[in-house]
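Working notes, structure below.
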Amino acid sequence: MEKQYSAKEVEEKWLKIYRENEFFRADVDSPKKSFVIVIPPPNVTGVLHIGHALNTTIQDVLIRQARMSGLNTLWIPGTDHAGIATQNVVERSLLEKGQKRDDLGRDKFIEKVWRWKEERGGTIIEQLKKLGASCDWQRERFTMDEGLSAAVSEAFVSLYQKGLIYRGNYIVNWCPRCTTALANEEVDHETEESHLYYIRYPGEGGTEGVVVATTRPETLFGDTAIAVNPKDIRYKKIVGKKVFLPILNRLIPIVAHPMVEKGFGTGAVKITPHHDPNDFKMARDLNLPGITVIDEKGILTKEAGPLAGKERFAAREETVALLKENGLLVKVEDYQHSVGRCYRCETVVEPYLSKQWFVRMKPLAKPTLVLAKKNKPKFYPARWQKVYRMWLENIEDWCISRQIWWGHRLPVYYCQGCLTKNVGAGLHPRPREGTEPLPYTNEKGIIVSKTKPDKCPNCGSINLTQDPDVLDTWFSSWLWPYSVLGWPEKTKDLEIFYPTKILVTAPEIIFFWVARMAMSGLEFTGKLPFEQVYIHGTVRDETGRKMSKSYGNVIDPLEIINEVGADSLRFSLISFASQGQDLFIGRKSFTLGRNFANKIWNASRLVIGRVKEEGLKIDGLPDIATLTFSQRWILSEFETCRRSVDKNLKALRLNEAAAVLYQFFWHTYCDWYLEMVKIDWQERKDKNSLACAIFVLERFLHLVHPFMPFITEEIWNRLKEEGLVQDEAKSLSLATWPQAIRGHHQPALDFRFKLLKEAITAIRDLKREFGVPPTQLAKATICIGPGEEYTFFEKENCQNYVKKLSGLAELQIVTHHQRQDMEANHLLTLGEVFLPLAGLFDPAKERDKRNKELAGLETEMAKITVRLKDRQFLKKAPPEVVKREKERLELMYLNKKRIKEQLSFLK
RNA sequence: GGGCGAGUAGCUCAGUUGGCAGAGCAUUCGGCUUACAUCCGAAAGGUCACAGGUUCAAGUCCUGUCUCGCCCACCA
């Protein structure tokens, strides 16, 4: 084997083999139980970032382990058309050429986006492959595929017919830059420094009127009332009176509404129905008119009188100036309040009155909540269950129309005939029982249909126009787990692969996506689309900041793959991802995985190389009865490791599983077992040691494979090439996950090994302490037993292990030892080691050490003694705990005796 | 305002049903021992944020406090 592991070469090699062999294709006719994951589709415009890398690795670990465990696995990849985001990207590239989307027109523009998608949209999928994702690439889907688009229309029409989709005039979150509505969840709120302006509205007939506090003086042109709380005695008298709107001097009434809080500002608030959602509600309650003073681009309309045509933020300044001139600005306070921004372009969102389409969510949430209360789906970590449930409980209607071009066009047609002739509408929705009447809706002349009708079914007019809006991107995403399997067609895929097993995603999209998928799944398929939901943390930099381009702290996973390989990236990420906790990662973090890969490579090189050099024929594992202590011990240790990995994977504690593998391989297999193998070979040409080494290595490679697919695949295949492993599987990814083997797990060996290790460590420690160079072969005595421990050291080749591993020329194992002059010693659990140190020994130093040990021992003994005298403890603690304490105390007594003996010699 | 998470070694974090406090990195010391210096050996390092409580026994369970972070909400 090559001295240096080349991740690049090996990974490229296997990527090619995977591509050619399609190992990961799912078989719809398989009799095996299925295990399905659908990928959270990344934006088609996206490039792989570290968060994707984590998300993908988690899914791949789970799917690979399931595949090896004999399940019929399917992992469906795909991308999301990401309406606003993609449109923004293409618009930006147009802008570089000085073009705007309107210059092209809708059709040309969409053509352009498709072309862009074809050329650049595949990048992220290629990057997922580089990571080693074992998706069924044949089944790659895109949310704007024909099939998925059909699913979207089907869902829309179905919901509309059930009365769960309606159109209405509402205040929505409006992004004046994207000129589209946004759902509540698409707005990011942040607290910002601002001002609270106190403005006087003079009363009729020269009375002083009222003062209101507002953060948005520029909207005052749209005020149609002043509202106070009906219980507010300060204002009781003036409710019903009128005041003058500043600057425009229009008369507006003072009204009362319970939503107004007495304590805020002056207790009086201006009502601007078209530019504030609360004002809109109050206006509706009180039947007040509204005036639009800011248009869809954020420019003040002609209703704004002197400020018509001004941009909204400039208008704020000018309004304040005008108020000041008129003496109506009472005061200005510094004020912090939360400002909503478009999650795509960060423009401050404008509450804007417009006609939009909504999904009525409460009826959809109801059955979902029933299951949520039974912990279905099951969240990992469990705390997200509550977040999910609370959102479902307080759910609001979902604004699904977007005024952009890139996306699924609404399957809605307007019949000009019906609309002008003023006759009844076509396909009216039948409201579900118990749903409220549709407010602000006019269904007249609306035809909702999957395909464009030839003529209006109601009036026969052929003058039909399709709604120009497109659907929110999430309207296709929420169908993803079954639309990718062919829904609404009744496909075999759906029958076999649905519902999926687990959804792996980030906390940010529990509302956007997870909850909505759950609801739509129940609505359209009658089933929850996934059994489990794994929510992983956010990847942050070392200082805890989110990784973002603007901070310049992003780590590009592809760079990491280039430097250290995908395996190293994957293993490091998983190691840092404690369930649901955020990850703090720097560039250096990936040395963890790189070093581990290096270790695996080199250990394999030793084992395989040794067998080859010596021309050994190794044919599986020898009969366990013929094995020595160390050989049985490593089999037992592996079994412990295997159990722990299984347990942790099942509980979705992937980081723990990774840690167990790391610990076992490095510090048990390499540090101890392989060292003993070398000795066994050197001392007595023990072939069995190598056979066990290979056996354990091969099984270990299986366990690490889900985490590090490439290097394990490579080494496993080399084992096969050397004839050291018999397995018909064409790839480790298709091999069988290790199962328990009877007789391998022998916990009693752990204790024996502990004694051995302790003796070796003690001698190394003594040598270091007294400045004996590690290479200088020393002489030592181990005093142990009498009893089986003594026999163990005598019999099991332990003397050789101790001698070689601690650098001794001579070793005596005795049951009793009279301490010699100039001899240093070290306590063991069941004995002592002695090292003669002529010339290096310092009795005073020794005495200090012993006294310190004695003091520590005595405090500990005192504690245990107290505990063992405590009747409550004896009565209530489980017997094995009591027994353990007694044993500990006994050992300590022994050690105390030994130390005292030593001290008497040192005088 | 409500909810959630975190606080354990210098740093980043594990610690599952309560039962002898762990890892990686960094530090110190010693080693090129024919798999690996991306390595080997050893050491040092802890009032488990604080205060109470439950328990024979608390890093772990309960109550409260403090600090940091995140999410939600219609603070005009």
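- Considering A:Thr224, A:Ile252, A:Asp279 as possible partners of A:Leu288, the one that fulfils the side chain to side chain contact (heavy atoms under 4.5 Å, CB included) test is A:Thr224.
- Looking only at atom types and distance, the side chain of A:Asp223 has a donor-acceptor partner in the side chain of A:Thr272 under 3.5 Å away.
- The base of B:rU55 does not come close enough to the side chain of A:Gln872 for any donor and acceptor atom to sit less than 3.5 Å apart.
- Across all strands, A:Arg867 comes closer than 4.0 Å to no nucleic acid atom at all (heavy-atom distances).
- Residue contacts for A:Pro878: at a heavy-atom cut-off of 4.0 Å it reaches a base atom on one of the strands shown.
- Of the side-chain N and O atoms in A:Lys386, one or more sit less than 4.0 angstrom from OP1 or OP2 of B:rC4.
- As judged by a 4.0 angstrom heavy-atom cut-off over every strand, A:Asp870 is placed among residues touching the sugar-phosphate backbone only.
- Between A:Trp384 and A:Tyr388, the distance from one ring center to the other does not fall under 6.0 angstrom.
- If you look at A:Phe700 and A:Tyr669, their ring centroids are not closer than 6.0 Å.
- Of the residues near RNA chain B, A:Leu583 and A:Ile760, the one whose nearest nucleotide (by heavy atom distance) lies more toward the 5' end is A:Leu583.
- Across all strands, A:Gln581 comes closer than 4.0 Å only to sugar-phosphate atoms, never to a base (heavy-atom distances).
- Two residues, A:Lys647 and A:Pro774, neighbour RNA chain B, and the one matched to the more 5' nucleotide by heavy-atom proximity is A:Lys647.
- At the heavy-atom level, A:Arg888 lies under 4.0 Å from base atoms of the strands shown.
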